[in-house]
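From a predicted model like this one, the values you see are computed outputs, not experimental measurements.
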Amino acid sequence: MKAKATLKQIAKELGVSVSTVSKALNDSPEISEQTKVKIKEYAKLKNYKPNVIGLNLKNRKTKTIGVIIPNILNSFFAKVFSGIEKVADKKGYNVITCISNESLEKEVHTLEMLSNGTIDGFILSVSEEAQKLQDYNHFSAIINDGTPIVMFDRIADEVECDKVVVDDFDSALNSTQHLINLGCKNIALISSVDNLSVGKLRADGYLKALKDNNILVNEKIILRTDSEDDMKAKIDSVFDHKIDAIFALDENDSVAALRVSLKKGYKVPEDISIIGFADGILASRRLSPSLTTVSQHGIEIGEVAAKKLIERLEEPEGETSDYETIVIKTKLKERESTRKA
């Protein structure tokens with residue numbers, strides 16, 4: 001879908017309010033003929049087209065939010081959804097949830113299907129395929145047609161919209177630093193999410209911590225893959241080298257790291273300390289020893305995203321606030337897989 005100019009963009013370029021642009025395009029007597037001509041000519045030049053469906057439904061809000069998550073089996077997304085639903089229910093909004101299954105095609109289809117008047121706005125996390133291909137035109141097109149989007153966790157920097165993220169880079173840097181403070185010098189990195197924005201940020205944080213502490217990067221103990229299957233197929237190779245800690249970038253990576261460590265005869269945390277991202281049930285309750293994890297506060301992310309979207313939906317006509325990126329701070333939850341400082 002080709003992106004079109006928006007009222008907000010036209011207003012910004014011409015140095016007038018969104019309300020003035022809207023009134024000029026609708027031949028309001030409040031606007032001078034000279035201003036109308038100027039705005040109409042510029043709008044035509046920029047390929048502006050009014051959102052007919054949006055205009056027809058302007059006074060008929062559905063009070064429904066569309067939520068698109070990439071993976072229903074991921075406990076983090078389940079927590080985010082719980083937070084979204086809590087706020088939506090309190091504010092009198094219904095929620096329709098769809099799963100992209102990491103597919104760009106399904107993501108595009110879902111956006112187009114629900115933006116025909118079924119919902120007022122979207123909360124979503126970008127699919128793996130869209131991030132891999134760097135294809136985000138479908139988001140911009142939906143926004144330009146008047147349907148707001150709030151992205152969370154996996155975002156697209158190229159798309160102008162509200163975003164809710166965690167401090168992935170700083171969290172990884174601090175987690176790696178925690179392992180270094182415990183005396184660990186050979187810290188392995190395990191990642192099955194290297195094709196995702198969050199995976200790259202976490203890996204960068206790990207590398208920065210090594211650099212800050214003058215620890216040479218050992219590529220032989222760094223495993224960066226794009227899938228859980230690939231990670232599991234290659235993880236044994238990391239243990240062929242001297243390691244005393246593992247930083248895992250996803251819950252599945254964390255579980256695999258712990259299981260293989262125990263299988264190889266390591267005592268956890270006496271011989272090897274492990275920190276993993278995502279604070280799911282597996283990490284905290286079902287593994288022995290329990291995993292030290294970076295808690296992403298999924299419920300809080302969902303609550304903040306829902307509040308932001310509803311604020312956007314309930315803005316007075318003609319008033320459009322600037323887009324905002326809200327950063328939620330993570331917390332390191334120390335359990336049995338790391339030594340005590």
- prompt: When rounded to the nearest 0.5 angstrom, what distance separates CG in Leu291 from CD1 in Ile275?
  reply: 10.0 Å
- prompt: Roughly how far apart are Leu262 CG and Leu258 CG, rounded to 0.5 Å?
  reply: 4.5 Å
- prompt: Mind checking whether Ile187 and Tyr206 have side chains closer than 4.5 Å, heavy atoms only?
  reply: yes
query: Can a salt bridge be assigned to the pair Lys63 and Asp120 using a cut-off of 4.0 Å between side-chain N and carboxylate O?
result: no
query: Would you call Asp204 and Lys200 a salt bridge, taking side-chain N to carboxylate O under 4.0 Å as the test?
result: no
message: Regarding Glu41 and Lys38, does a basic nitrogen lie under 4.0 Å from an acidic carboxylate oxygen?
response: no
field: Side-chain (Ser28) to main-chain (Glu30) donor-acceptor, under 3.5 angstrom
entry: yes
message: To check you understand the geometry: which heavy-atom pair defines the closest contact between Ile149 and Cys161, and what is its length?
response: O-CB, 3.3 Å
query: Looking at Lys307 and Glu311, does any basic side-chain N land under 4.0 Å from a carboxylate oxygen?
result: no
message: Around atom CD of Gln34, are there more than 12 heavy atoms from other residues, nucleotides or ligands closer than 6.0 Å?
response: no
- prompt: Counting N and O atoms only, with roles assigned by atom type, does the side chain of Ser237 sit under 3.5 Å from a partner on the main chain of Lys234, one being a donor and the other an acceptor?
  reply: yes
message: Looking at every non-hydrogen atom in both residues, tell me the closest pair between Glu107 and Ser127 and how far apart they are.
response: OE2-N, 2.8 Å
query: Any side-chain heavy atom of Lys211 within less than 4.5 Å of one from Leu207?
result: no
message: Working note: Glu158 + Gln134, criterion side-chain contact (heavy atoms from CB on, under 4.5 Å); need CA distance, chi angles, decisive distance, verdict.
response: CA-CA 9 Å; Glu158 298 87 337; Gln134 297 283 290; 3.5 Å; yes
query: Same cluster for Met151 and Val198 if Ile/Leu/Val/Met/Phe/Trp/Tyr side chains link at under 4.5 Å?
result: no
- request: Step through the shown structure and confirm whether more than 12 heavy atoms of other residues, nucleotides or ligands are within 6.0 Å of NE2 on His109.
  value: no
message: Donor-acceptor check, side chain of Thr20 to backbone of Val16, threshold 3.5 angstrom: yes or no?
response: no
field: Exceeds 12 heavy-atom contacts within 6.0 angstrom, atom CG of Leu133
entry: yes
- request: For residues Thr118 and Met113, report the shortest heavy-atom separation together with the two atoms involved.
  value: OG1-O, 4.0 Å
- prompt: Below 4.5 Å, heavy atoms only, C-beta onward: do Phe152 and Val165 meet side chain to side chain?
  reply: no
message: Between Leu111 and Val67, is there shared hydrophobic-cluster membership here, with clusters defined by ILVMFWY side-chain heavy atoms closer than 4.5 Å?
response: no
message: I'd like to know if the side chain of Thr338 pairs up with that of Ser273 as donor and acceptor (distance under 3.5 Å, no hydrogens or angles considered).
response: no
- request: Could I get the full list of side-chain contact (heavy atoms from CB on, under 4.5 Å) partners for Lys91, not counting sequence neighbours?
  value: Val87, Tyr93, Ile310
Same apolar cluster: Ile69 and Leu73, side chain cutoff 4.5 Å: yes
Val193 with Ile190, same ILVMFWY side-chain cluster at under 4.5 Å: no
query: Given His297 and Val166, is the side-chain contact (heavy atoms from CB on, under 4.5 Å) satisfied, shown in steps?
result: CA-CA 9 Å; His297 304 299; Val166 297; over 6 Å; no
message: Tell me whether Glu270 is salt-bridged to Arg339, with the criterion being a basic N under 4.0 Å from an acidic carboxylate O.
response: no
field: Side-chain touch Tyr48/Gln9, heavy atoms, less than 4.5 angstrom
entry: no
- prompt: Does any N or O in the side chain of Asn218 come within less than 3.5 Å of the main-chain N or O of Lys220, such that one atom is a donor and the other an acceptor?
  reply: yes
task: In plain terms, say whether Arg154 and Glu102 are close enough for a salt bridge, that is, a side-chain N and a carboxylate O under 4.0 Å apart.
output: yes
query: Roughly how far, to the nearest 0.5 Å, is the CD atom of Glu336 from the CG atom of Leu287?
result: 10.5 Å
Salt bridge (Lys or Arg N to Asp or Glu O under 4.0 Å) between Glu228 and Lys232, intermediate numbers included: CA-CA 6 Å; Glu228 185 182 350; Lys232 286 182 176 178; 2.9 Å; yes
- prompt: Is it true that a side-chain atom of Asn174 and a backbone atom of Asp170 form a donor plus acceptor pair closer than 3.5 Å?
  reply: yes
query: When you measure from the side chain of Ser19 to the backbone N and O of Ser17, does any donor-acceptor pair fall under 3.5 Å?
result: no
- prompt: Do the side chains of Ile155 and Leu124 join up, straight or via other hydrophobic residues, at under 4.5 Å, putting them in one cluster?
  reply: yes
- prompt: Between the main-chain N or O of Lys106 and the side-chain N or O of Ser100, is there a donor-acceptor pair closer than 3.5 Å?
  reply: no
query: Short question: side chain of Asn213, backbone of Ile215 - any donor-acceptor pair under 3.5 Å?
result: no
task: Find out whether the Lys NZ or Arg CZ of Lys8 is both under 6.0 angstrom from the six-membered ring centre of Tyr323 and within 45° of the ring's axis.
output: yes
- line: Closest heavy-atom pair, Asp253 versus Ser191, reported as atoms and distance to 0.1 Å, is OD2-CA, 3.4 Å
- prompt: About how many Å separate CG of Leu7 and CG of Asn144, when rounded to the nearest 0.5 Å?
  reply: 10.0 Å
task: Return the minimal non-hydrogen interatomic distance between Gly265 and Asp271, and the atom names on each side.
output: O-OD2, 4.3 Å
field: Expected output: side-chain Asp244 to main-chain Asn186 donor-acceptor under 3.5 Å
entry: yes
message: Please evaluate residues Gln131 and Ser197 with respect to the criterion side chain to side chain donor-acceptor pair (under 3.5 Å), reporting the C-alpha separation (whole Å), side-chain torsions for both, the decisive distance (0.1 Å), and the verdict.
response: CA-CA 7 Å; Gln131 288 210 318; Ser197 56; 3.0 Å; yes
query: Can Arg202 be said to sit on top of Phe169's aromatic six-ring, NZ or CZ under 6.0 Å from centre and within 45° of the ring axis?
result: no
message: Is it the case that atom CD in Glu160 sees more than 12 heavy atoms from other parts of the structure closer than 6.0 Å?
response: no
message: Using side-chain heavy atoms (C-beta onward) and a distance below 4.5 Å, is Ile246 in contact with Ile272?
response: yes
message: Just verifying a value: how many Å separate Ile31 CD1 and Asn26 CG, rounded to the nearest 0.5 Å?
response: 10.5 Å
statement: Taking every heavy atom of Ser125 against every heavy atom of Phe77, the minimum-distance pair comes out as OG-CE2, 3.7 Å
query: Do Lys331 and Val294 touch side chain to side chain, with heavy atoms closer than 4.5 Å?
result: no
message: With heavy-atom distances below 4.5 Å as the criterion, would you say the side chains of Phe277 and Asp168 are in contact?
response: yes
statement: dist Ile235:CD1 -> Arg259:CZ (nearest 0.5 Å) comes out at 11.0 Å
- prompt: Taking it one step at a time, do Glu315 and Ser321 satisfy side chain to side chain donor-acceptor pair (under 3.5 Å)?
  reply: CA-CA 8 Å; Glu315 283 180 331; Ser321 58; 2.5 Å; yes
field: Aromatic ring proximity Phe239/Tyr266, centre distance under 6.0 Å
entry: yes
task: Would you indicate whether the side-chain heavy atoms of Ser295 and Thr330 approach each other to under 4.5 Å?
output: no
query: Does the Asp135 side chain pair with the main chain of Ala130, one donor and one acceptor, at a distance under 3.5 Å?
result: no
